[in-house]
Amino acid sequence: ENVNASTRYIVRCEPQLEGIDTPAPVNQSATQETATVMDLAPGVTYNCNVTAMNDQGEGDPAQQSGTTMETAPTGQPQNFDITPGESGATSRNLTFFWDLPAPTQRNGIITSYTISCTPDTETLPPVETTVTLP
């Protein structure tokens, strides 16, 4: 392969999710045909391209999308609220409401939530349930 010493590759990635920082482009020498873009957000799909560049400018980019591995969410559900049941049969119920964690703190697709209730008295056991999303 005949590669000019001034030829370089530039790798750029743009997140598909708003609120995620766009990483700095990676400049790679032409003698290497791999590059790693580091410190990307977990569980986010990025639109990436690689462009060859020499003293005369940049060529057309090759484009591809890739998704980073998911990790556990780093944010809690937002707007959490509890409403007691009305009198009668539902007076022993609590209804829970919440929104997803902030998009930048989901770190992937949320698949379930765990709800825990601990009574104010030691004579009753704690209650825990898991809500699995469809």
Side-chain angles (χ1 to χ4, degrees):
E1 176 175 321
N2 186 8
V3 176
N4 184 319
S6 65
T7 301
R8 300 187 64 75
Y9 294 106
I10 300 174
V11 178
R12 295 180 179 94
C13 292
E14 291 280 336
Q16 289 185 1
L17 182 63
E18 287 186 31
I20 301 292
D21 292 335
T22 299
V26 174
N27 289 302
Q28 192 70 42
S29 72
T31 57
Q32 296 180 334
E33 295 173 338
T34 65
T36 301
V37 180
M38 310 218 359
D39 298 323
L40 300 176
V44 173
T45 299
Y46 288 84
N47 296 324
C48 301
N49 66 57
V50 60
T51 306
M53 181 178 175
N54 63 21
D55 292 337
Q56 303 305 308
E58 287 187 37
D60 292 331
Q63 299 179 350
Q64 193 66 254
S65 293
T67 303
T68 55
M69 299 293 292
E70 293 184 1
T71 61
T74 53
Q76 68 269 15
Q78 300 180 88
N79 304 314
F80 179 58
D81 198 13
I82 301 173
T83 301
E86 297 178 17
S87 63
T90 62
S91 65
R92 295 177 47 165
N93 296 347
L94 295 174
T95 302
F96 301 84
F97 302 91
W98 64 86
D99 294 324
L100 288 165
T104 58
Q105 297 176 333
R106 293 177 196 161
N107 301 336
I109 298 171
I110 303 295
T111 58
S112 66
Y113 294 92
T114 300
I115 301 169
S116 301
C117 296
T118 304
D120 286 340
T121 175
E122 292 181 18
T123 59
L124 296 173
V127 177
E128 185 173 290
T129 188
T130 299
V131 178
T132 302
L133 303 178

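All of these numbers come straight from a predicted model, not from anything done at the bench.
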Identify the two heavy atoms, one from Cys117 and one from Pro119, that lie closest to each other, and give their separation to 0.1 Å.
-> O-CD, 3.8 Å
Tell me, please, which residues at least two apart from Arg12 pass salt bridge (Lys or Arg N to Asp or Glu O under 4.0 Å).
-> Glu58
When every non-hydrogen atom of Leu17 is compared with those of Pro103, the smallest separation belongs to CD2-O, 3.6 Å
Taking the side chain from Asn107 and the backbone from Glu70, do they hold a donor-acceptor pair closer than 3.5 Å?
-> no
Report yes if the side chains of Phe96 and Pro77 come closer than 4.5 Å at any heavy-atom pair, otherwise no.
-> no
If you look only at distance, which donor and acceptor atoms sit under 3.5 Å apart when one is on a side chain in residues 124-134 and the other is two or more places apart or in another chain?
unit_1	atom_1	unit_2	atom_2	d
Glu128	OE1	Ser116	OG	3.1

Closest heavy-atom pair, Ala35 versus Val11, reported as atoms and distance to 0.1 Å, is CB-CG2, 3.9 Å
Donor-acceptor pair, side chain of Thr121 and main chain of Thr123, under 3.5 angstrom = yes
Who passes side-chain hydrogen bond (donor to acceptor under 3.5 Å, both in side chains) against Thr95, sequence neighbours left out?
-> none
Is there a chain of hydrophobic side chains (I, L, V, M, F, W, Y, each step under 4.5 Å between heavy atoms) that links Leu100 to Ile109?
-> no
Asp39 vs Pro23 side-chain heavy atoms within contact, under 4.5 Å = no
Please collect all ring pair (Phe, Tyr, Trp, His ring centres under 6.0 Å) contacts where either partner lies in residues 98-131, sequence neighbours excluded, each pair once.
-> Trp98-Tyr113
Donor-acceptor pairs are to be reported for all side-chain atoms of residues 43-52 against protein atoms at under 3.5 Å, with residues two or more places apart or in another chain.
unit_1	atom_1	unit_2	atom_2	d
Thr45	OG1	Thr67	OG1	2.6
Tyr46	OH	Ala41	N	2.9
Asn47	OD1	Gln16	NE2	2.7
Asn47	OD1	Ser65	OG	2.8

Using side chain to side chain contact (heavy atoms under 4.5 Å, CB included) as the criterion, list what pairs up with Gln78, not counting sequence neighbours.
-> Asp99, Ala102
Rounded to the nearest 0.5 Å, how far does CG of Asp21 lie from OG1 of Thr104?
-> 9.0 Å
Linking I/L/V/M/F/W/Y whenever any side-chain heavy atoms sit under 4.5 Å apart, do Val37 and Met69 land together?
-> no
